[in-house]
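Before any comments, here is the structure.
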Amino acid sequence: MTTIAHHLRLVRDRINAACLAAGRDPASVRLLAVSKTFGAEAVAEAVVAGQHAFGENYIAEGVEKILALRRWQADETARTGIAAAALEWHCIGPVQSNKTRLVAGHFDWVQSVDRLKIAQRLSEQRPPELAPLQICLQVNIDGGANKSGLAPEAVQALAEEVAQLPRLVLRGLMAIPEPAIDFVAACALHACAKALFDQINAAGVLAVPMDTLSLGMTADLEAAIQAGSTMVRVGTAIFGGRG
Ligand SMILES: *Cc1c(COP(=O)(O)O)cnc(C)c1O
């Protein structure tokens, strides 16, 4: 087994154990492998190990990898005669206006939307032959300075507007809480995001309720799952340190 395959198994074990501890079904938490700064070969290794959803922070780097993996899969299919599994690419980094066309043309999800203008551009620029872009709004859940994301009080209004855009599907919320001193403190931060998520769904303002709460990374995935995360975004524990 390769190192990445072994690491993936360990991360899936952590997710399963956290679900067991929280009394949740392990099938209710998806794993997003965050491959930023690692090459296409590392992603291919993870694909061979059964991982199909990947997160990228930097647009140009992500698009390059998306195209490289598409070529690799086409070569593999030609060689083996076995159709390749579809990969799912999530943009999880800041998106400037001048990058929306690239993002809309290549990614399947954008988890880092925090402005209506960016959402509008993504909707307008989503190519008609592709499925609608799946969207999470990024929330600055602990008011961390210098952090992207909407203030919690602003989330519901933007959610209502994004849900109306024709080429987007509003799927949920994403947050990156500050590192906490211990498990209990981490759970409390994640629980704030879960409470906001539940509150907006309960308000009944969305025709389709949100189904994705993207919370938890290498250091805090157990706390995130305890609080109700449905998607953990893990980089370091799968691909190694980013130096
Ligand atoms: C880098 C990154 C991750 C992964 O963090 P690790 O600590 O390496 O697991 C998750 N989410 C976002 C938004 C990131 O930028």
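Each ligand, and each atom within it, is numbered from 1 in the order the structure gives.
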Report summary line: Looking only at heavy atoms, the pair that brings C187 and Q226 closest together is SG-CG, 3.9 Å

**Report entry** For the student: nearest non-hydrogen atoms of G216 and H190, plus distance
**Finding:** N-CE1, 3.9 Å

Query raised in the report: When the ring planes of F239 and F54 are compared, do they come out parallel, tilted or perpendicular, using 30° and 60° as the limits?
Result: tilted

Could you tell me whether the side chains of [X] and [Y] share a donor-acceptor contact shorter than 3.5 Å?
X	Y	answer
Q156	E160	yes
H90	D108	no
T100	R121	yes

Query raised in the report: Near ligand 1, which protein residues have a heavy atom under 4.0 Å away?
Result: V34, K36, N57, I92, I176, M217, T218, R233, V234, G235, T236, R242

